[in-house]
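In what follows, a single structure is set out as structure tokens and then discussed.
Reckoned from all heavy atoms, side chains included, excluding hydrogens, waters and symmetry mates. What you are looking at is a predicted structure, and each value in this text was computed from that prediction instead of being measured. Letters A, B, ... are given to chains in the order of the sequence lines, protein chains preceding strands, and every chain is numbered from 1.
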Amino acid sequence: MRLALTLATLLLMAVSAGAQATPPIRIGFASAMSGPAAITGEGVRWGATLAVEEINAKGGVMGRKLEAFFADNKAQPGEAVSAVRKLVDVDQVDVIIGQTHSGACLGAMPVVKELGVPMVIEACSHPQIRALSGKGGNEWTFRVALDDEIMAYTFARYMARQGVKSSSILAMNNDFGRGAADAYDAAFKKANVKLLSTEFFDPGQPDYRPVLTRLKRANPEAILAVILASDGAPFMRQFRELGLTQRVFSRGSLGSAEFLYQVRDNPKIGDGVIEASYWITGLDPEWDKKWTERYKVPPRIHGSLAAITLKWAVVPALEIALKKHGKADRQTIRAALEEVDVKDSPLGPIKFDANHQAWINMILIEIRDGQLRILEKLPTSPALLN
Amino acid sequence: MLHGLTLGSMYALVAAGLALMLGVARLINFAHGEFFMLGAYVFWFGYSELGLPYPVAALLAPAVMVAFGIAYQRTVIRAILPRSWHVQLIATLATSIVLTNLAIIVLGTQPKEVPTALSSRILDVAGLRVAWQRLLVLAASLAIFWGLHWFVGRTRTGRAMRAMSQNREACAVVGVDVQWTAMVTFAISAALAAIAAALVSPLFNIFPDMGTTLTLKAFAAVVAGGFGYVNGAIAASFLIGLTEALAGSYISYAYKDAIAFVIMIAVLLWRPQGLFGRRIGI
């Protein structure tokens, strides 16, 4: 009896020790979960949940399960700081994926450096993020998404090839929109496209008629709209209402399944729009199917990017950290991220350069007959900046 | 101009309700924009989910919001009315936050679009293109303002509302049913917000945060119009709508709200009692 008790105790201790040796790896996701941009955070939560479940169902990362934690940055720089502190201090995450919005990213960068937690950016496209990351001074920040400086020259040249000689810019009045407007201002000059006017709008506007009137007065051949699907739907309806005939080129998510879902009563309203992006439904049909079955709406861009960032950037880094060092703490994950070299993610290759920027593919998407189609898929490289 | 009048109509319907509440109950309801948001969702549910014809769905929204307004008055407002303005401010702001977040949780963040036959049909007069829905917004708003004016001026309950806005205690002493009158005021205010929502939703997006900025603009109209004076609030709303439209079209679209608010501040510096210079009273 005593022997049996001793054996049982030893067995319990062994099981307990085993459990302690393999605690889950804690992944923090920061995005706008409330406020006018809450649709992006909801997408990130959905995408992250689905991706973590998928990874855990296959046994986790080298036997370690993943656990997801979420924080709300309200798409604001100040709130992004609170979101990082919540994920680090309360949830004690090992790595953060986020912050979806450029302003929030720029706000979070100093604090992830101060706290020493790696942050892998899935979607923020302000050019300044690349300049400040890696050898730019912040070794804790990595970015999968392309920025507008990288894409602008290619897109501006494409517009010029389409015969566009003059354009106006309509951009969101935030860091994303203003960063993109600056990048396209410079790119238009290089591509000999005359910039006639630049207009900004606050996200969540009910009515775009005044700004459309201004654009009509400027009379450009094209409009470059830096706009998300949620604002893009009323914008395009009112664009048609006013009878504008300019060609619409876009950055954000106007050329996306999200937009087409929103205008599903008349999806042809977006016909002719050409979007520069790096993600589209169809890059991973299995993912699209799982998402649609689970959430009953088409896959959203930010949620899908968060999932891709987890599966093709963070998980490979975790594998490197665990294989090489047998641990996945923040410093080890940070170092491992620098070694990630994935050739075939849905976005293209993911390998971070000295500025911790991945050079994924750029995609030109067209809406035609209410459907999305890829016009061109282009590899990117630092040469695009020249 | 037409765009400014459409916006002004929306602000005016919301501001009129806010002014009524302020006049009768001496309370600023910072959750009033969320009445508009809930009204918009009820309209969406009726029109898009239940497949009701537009007029029926547009009437369903105020009908449901009348019930909501009464429930709100009997629960939140009754509890805070005797308390200090600080408590009232916090309670109505808290209600606003709770309603917005409940909408995010229950209804999701995906903006709802409710295009109707009138919002898709364009009237083209000599190059001036306008959706028929905008004309409906204007016509319906004018009819509602006339009806509100008639109700407040000619009916027994309306007169009680006016009396309460002047002296609540005296009304109670002479036998005016103060609770009933307050309840009707909240019901009408909620209905006005819902009607505004049903009218403009076919033109714009419906999303959980849509009421937040609207409350601020309606509040600015109430202050500029004479703090609780309904006709003043309506006039100031149109002024804000037109200012926004003209500033957005000719000065800067990004700063149109700021320009409108600067003009409101200038008006208040010029006439601190508001454009129509009255003490509180509907």
Side-chain angles (χ1 to χ4, degrees), chain A residues 32-43 45-46 74 170-173 177-178 197-217 228-235 237-238 240-244 258 261-266 269 295-298 300, chain B residues 1-4 6-7 10-11 40 48 97 100-101 103-105 108-116 119-124 127-134 200-210 212-214 217 241 244-258:
Chain A
M33 308 285 176
S34 65
I39 189 167
T40 56
E42 185 180 62
R45 184 185 287 274
W46 288 355
K74 297 184 172 63
L170 171 70
M172 295 165 76
N173 191 18
R178 289 194 174 267
S197 63
T198 302
E199 306 287 347
F200 294 99
F201 69 93
D202 291 325
Q205 283 295 313
D207 214 339
Y208 292 87
R209 277 184 74 109
V211 78
L212 286 166
T213 307
R214 288 173 72 84
L215 292 170
K216 196 174 181 177
R217 260 202 317 271
L228 297 182
S230 47
D231 290 312
F235 169 75
R237 284 189 201 279
Q238 289 163 31
R240 302 291 182 213
E241 180 190 344
L242 268 180
L244 268 69
E258 251 173 278
Y261 179 75
Q262 213 170 313
V263 295
R264 58 194 178 280
D265 63 293
N266 181 14
I269 210 160
Y295 301 118
K296 314 297 178 205
V297 293
R300 293 186 186 158
Chain B
M1 180 69 82
L2 200 61
H3 155 72
T6 316
L7 272 184
M10 176 173 76
Y11 297 156
S48 296
I97 294 167
T100 304
N101 285 288
I104 289 175
I105 294 165
T109 56
Q110 178 82 46
K112 314 286 186 202
E113 297 246 334
V114 198
T116 59
S119 70
S120 310
R121 280 187 60 198
I122 309 295
L123 174 69
D124 191 339
L128 173 70
R129 289 169 59 88
V130 59
W132 280 94
Q133 185 72 28
R134 286 181 197 271
V200 299
S201 291
L203 295 167
F204 310 145
N205 264 348
I206 299 172
F207 55 98
D209 251 62
M210 67 193 295
T212 314
T213 315
L214 189 57
K217 287 183 180 168
E244 261 185 44
L246 294 174
S249 297
Y250 294 101
I251 304 172
S252 162
Y253 187 70
Y255 299 113
K256 64 183 172 56
D257 290 351

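When the candidates E258(A), Q262(A), Q238(A) are compared by the number of heavy-atom contacts under 4.5 Å with chain B, Q262(A) comes out ahead. Of all the listed residues (A229(A), G204(A), P210(A)), the one sharing the greatest number of non-hydrogen pairs under 4.5 Å with chain B is P210(A).
In plain terms, the two heavy atoms of S34(A) and I104(B) that are nearest each other are CA-CD1, 4.1 Å.
Counting heavy atoms from C-beta outward, Y253(B) and Y208(A) have side chains that approach closer than 4.5 Å.
Judged by distance alone, the side chain of R209(A) and the main-chain N or O of H3(B) form no donor-acceptor pair under 3.5 Å. Side chain of R237(A) to main chain of F204(B): no donor-acceptor pair is present (N/O by atom type, distance under 3.5 Å, no hydrogens or angles). With N205(B) contributing its side chain and S230(A) its backbone, the two residues share a donor-acceptor pair below 3.5 Å.
Contact of Y261(A) with chain B is made through the side chain alone, with heavy-atom distances under 4.5 Å. If you measure heavy-atom distances from S252(B) to chain A, the contacts under 4.5 Å come from the backbone alone. Looking at P111(B), both its backbone and its side chain come within 4.5 Å of chain A, counting heavy atoms on both sides.
Using a cutoff of 4.0 Å between basic side-chain nitrogens and carboxylate oxygens, D207(A) and R134(B) are scored as salt-bridged. Looking at E113(B) and R264(A), no side-chain N of the basic residue comes within less than 4.0 Å of a carboxylate O on the acidic one, giving no salt bridge.
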